[in-house]
Chemist: 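Sending over a structure as structure tokens; questions will come in a sec.
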There are 4 protein chains.
Amino acid sequence: MVDSEQRRPGRPRSEQARQAILAATLELAADKGPRGLSMEAIARRAGVSKETLYRWWRSKTEVVLEALAERSDETIPLPDEGSLAADLGAFLRDTVVSGDATTQRLLRALAAEAAADPSMADLIRERFIVRRRGALDQILQRAVRRGEISQAGAAIALDLIYGSLWYRLIFGIAPLDNAWAAAVARAIAAVH
Amino acid sequence: MVDSEQRRPGRPRSEQARQAILAATLELAADKGPRGLSMEAIARRAGVSKETLYRWWRSKTEVVLEALAERSDETIPLPDEGSLAADLGAFLRDTVVSGDATTQRLLRALAAEAAADPSMADLIRERFIVRRRGALDQILQRAVRRGEISQAGAAIALDLIYGSLWYRLIFGIAPLDNAWAAAVARAIAAVH
Amino acid sequence: MVDSEQRRPGRPRSEQARQAILAATLELAADKGPRGLSMEAIARRAGVSKETLYRWWRSKTEVVLEALAERSDETIPLPDEGSLAADLGAFLRDTVVSGDATTQRLLRALAAEAAADPSMADLIRERFIVRRRGALDQILQRAVRRGEISQAGAAIALDLIYGSLWYRLIFGIAPLDNAWAAAVARAIAAVH
Amino acid sequence: MVDSEQRRPGRPRSEQARQAILAATLELAADKGPRGLSMEAIARRAGVSKETLYRWWRSKTEVVLEALAERSDETIPLPDEGSLAADLGAFLRDTVVSGDATTQRLLRALAAEAAADPSMADLIRERFIVRRRGALDQILQRAVRRGEISQAGAAIALDLIYGSLWYRLIFGIAPLDNAWAAAVARAIAAVH
DNA sequence: CGGTAAGCGAGACGGTACGTCTTGTCTTATT
DNA sequence: AATAAGACAAGACGTACCGTCTCGCTTACCG
């Protein structure tokens, strides 16, 4: 049978509460930023009890991760334009575009959790970061096959690229705009 | 008169309290990590009143910044070995060496503050990050003058290098060891 | 027809669930005392849903009242030894004997409910306390008829006797033992 | 030196906060009764943080005890009219008069705590009940010396009298009015 | 024998209180 | 004037219980 998601006994989970919580998370991120994003505030704004919140998400980190997942359509577009420079440029421009102010604040909230607590870092890595690295890695592996970059270069490029993104985001070094996308694409493509 | 630091009336600031606070900050970072590094805990462990703490440092961020400054000898060694690859390698290896566990926890505490609060990000950038970037920039500018890298390449290299460092640190991607130093140095030196 | 308890349609009430609930109530009273005697805990220990619990008992008070009723054989023995002193002594000694540790904890749970909420007090009075007063009143009325005590004396004696019992129980003034039974019997019998 | 209450360093305790808390306790008892008398509600109504509440009182019981102490002028008047009946009557009438609706609700709150938790019962006994018993005991001991009642009769009378008071209060048996005072005085005086 | 209806377990839900913790400010006496 | 001592308002933390609700399944009867 395909019906692996057998209906369990008991009152089913309220999809409305779930949506309200994720919406409240986005609103709070937008309005107050990471500092205002407390479990207490999420429950209050969503009109939901704290017990419901803690029943489904063990920590703020998990809520934010799910809010982010819900927000983006989950499939990361993979350009294939024939050269590493072009592919990278397209990929990073797309990344920049999808990173609006609210998303950036959610990401900063995640970074704050990760920095403060290694177990949260593990969680975020496994549930969020590996996916992004995986997508980018496909582009890089294609370039490896084309001989544009070495295997070792591809490996470190993942850190260089995403590192520069988070670095700018967390410390407000400079905006994550098309200029950044172009500069990074150009630099990495040059790593032969 | 040379005495520009005019003696003010009243009881002078206690150097002992200052040392106790910075020592307590290091100890807490070492023992409990960023989560245990609260102003409350620092005052408690230092045997100092919170009043004194807040009189001289407006936030935990400032305390951590000063503890870090006290810890390292402030002058960042600048290797000059004739090539970007060699200089970068030496510089990053040195960076890796000086980043022991306690320092890493202090840096993660800083990152948590920066991520959660843009005004803290500003502070950390101005009082800590710009210095590191300045040091690395000297190495890169030397390479620019030697024609090893373009001006634009040097600019983005700063983000790529430090970005990958913080990225690994915050999210626990991989250790900051000599392998990392070598891979980064090699990749950046290849950006012609 | 004698079948006054007309069979209603639908699944009949589970006697097993009822027994499990009353048993769980006694166990919890014995193990944890009044504090641990929550509706939540009763349902959990009985392996019964809260729905079932609230369907048949509107409050914890009602559950405890029924558990107490089930526990004692409901008929309060009425000694008739010819004198108020002897009757009272026998009655109170019997009361003391039947008040084991678990019963005392159930009674304290009832007192806590009554003290906190007048509507619970009403319930307990009507469903529990009036019976005990009725039994004792029979003994006293017999003494009134024998001229051993006045009507007014009998009336206030009910409060004095049961009052001292609850007072000792609730505030831990002193144990409810035979010494208490004797002292009370002696004092009340002297109220001519 | 007599100045045993040496001024300690640090910000002194706020008498205003203390008064606000005790006032809030009385108001809540008057408005909502024992059920509405939570630490949370007291702090809210008093405009005080929960930390301040818990700093000075470890439990709701302690707050209520202090509110009661503040409320009555602490010295229990001891009538001396020459006979046990007269003394008891006067004493209990005074007790009835001072037991207004708010006081009764505070006492019921205490009883609820005592019934639910033996350690609270201990606290209430030592800090409240022993004083009342002590006052009444003085009246009874005077009667013992006059030969109006035996030592044993005096001992159990304490339980009978206060027992009947709490019994009526907790279970709403009957009002604590002058009729009660008279009936109890008459009955106890008859216990020769 | 199939329909009807209540009972039941499981468990989600909004609400509220608990007691603890940290933040940043404040108010003292002492140094 | 700086300090330690520590009180204070504010508010988040994660847990517990309350009483209600909404499911699917079970167990009777009744036609």
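The model shown is predicted, which means the values in this text are computed figures rather than measured ones. Per chain, numbering begins at 1; letters A, B, ... match sequence-line order.
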Chemist: Can you work out whether B:E15 or A:R58 has the more 5'-proximal nearest nucleotide on DNA chain F?
Modeler: B:E15

Chemist: Within the modelled atom types, does a donor on one side and an acceptor on the other bring the side chain of B:S49 and the base of F:dA4 under 3.5 Å apart?
Modeler: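 Side chain to base: pair found, below 3.5 Å.
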
Chemist: So, is A:T52 close to the E:dG14 phosphate, meaning a side-chain N or O under 4.0 Å from OP1 or OP2?
Modeler: yes

Chemist: Counting side-chain heavy atoms from C-beta on, which of F:dA12, F:dC18, F:dA4 comes nearest to C:K60?
Modeler: F:dC18

Chemist: Taking the basic N atoms (NZ, or NE/NH1/NH2) and the acidic carboxylate oxygens, is any pair closer than 4.0 Å for A:D31 and A:R45?
Modeler: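 Yes, A:D31 and A:R45 are salt-bridged.
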
Chemist: On DNA chain F, check which nucleotide each of D:R55 and A:E51 is closest to and give me the residue with the more 5' one.
Modeler: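 Counting from the 5' end, the first nearest nucleotide belongs to D:R55.
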
Chemist: For A:R35 and E:dG24, what is the distance between atoms CZ and C1' respectively, to the nearest whole Å?
Modeler: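 Going from CZ in A:R35 over to C1' in E:dG24 covers 12 Å.
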
Chemist: Give the rounded distance in Å between these two atoms: CG of D:L53 and C1' of F:dA7.
Modeler: 14 Å

Chemist: What integer distance in Å separates C:D117:CG from F:dC18:P?
Modeler: 14 Å

Chemist: Using a cut-off of 4.0 Å on non-hydrogen atoms, how would the nucleic acid contact of C:R18 be classed: base, sugar-phosphate, or nothing?
Modeler: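 Contact class for C:R18: none.
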
Chemist: So that I can tick it off, tell me whether D:E70 and D:R18 are bridged by a salt bridge, with the cut-off set at under 4.0 angstrom between side-chain N and carboxylate O.
Modeler: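 Yes, this pair counts.
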
Chemist: Would the base of E:dC26 count as contacting D:R11 through its side chain, where contact means a donor and an acceptor less than 3.5 Å apart?
Modeler: yes

Chemist: Quiz question: going by heavy-atom distance under 3.5 Å, is there a donor-acceptor pair between the base of F:dG11 and the side chain of D:K50?
Modeler: no

Chemist: For C:W56, report the nucleic acid contact type (base, sugar-phosphate, nothing); a contact means any heavy atom under 4.0 Å.
Modeler: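 The answer is sugar-phosphate, as C:W56 gets under 4.0 Å only of primed atoms, P, OP1 or OP2.
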
Chemist: Taking A:R44 first and then A:E40, would you say they form a salt bridge - that is, a charged N and a carboxylate O separated by under 4.0 Å?
Modeler: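 Not counted as a salt bridge, because no side-chain N and carboxylate O are separated by less than 4.0 Å.
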
Chemist: Among E:dG7, F:dT3, F:dC8, find the nucleotide with the atom closest to the side chain of D:R13.
Modeler: F:dC8

Chemist: Tell me which of D:A41 and C:A17 sits closer to the 5' end of DNA chain E, going by the nucleotide each one is nearest to.
Modeler: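 Here C:A17 is the residue nearer the 5' end.
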
Chemist: Separation of C:R45 atom CZ from F:dC17 atom C1', in whole Å?
Modeler: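 Rounding to the nearest Å, CZ of C:R45 and C1' of F:dC17 are 17 Å apart.
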
Chemist: Over how many whole Å does the gap from B:Y54 atom OH to F:dG6 atom P extend?
Modeler: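 Rounded to whole Å, this separation is 18 Å.
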
Chemist: In Å and rounded to the nearest 0.5 Å, what is the OG1 to CD distance from C:T61 to C:E113?
Modeler: 4.0 Å

Chemist: Tell me which one of A:R105, A:R35, A:K32, A:R108 satisfies salt bridge (charged side-chain N to carboxylate O under 4.0 Å, His left out) with B:D117.
Modeler: A:R35

Chemist: Could you state the CD-C1' distance from A:Q16 to F:dC21, rounded to the nearest angstrom?
Modeler: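 After rounding, the gap between these two atoms is 13 Å.
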
Chemist: Could you state the CD-P distance from D:E40 to E:dA17, rounded to the nearest angstrom?
Modeler: 6 Å

Chemist: Within the 4.0 Å heavy-atom criterion, would you say D:R44 contacts the bases, only the backbone, or no part of the nucleic acid?
Modeler: sugar-phosphate

Chemist: Expressed as a whole number of angstroms, how long is the span from B:K32:NZ to E:dC21:C1'?
Modeler: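 Checked: the NZ to C1' distance equals 13 Å.
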
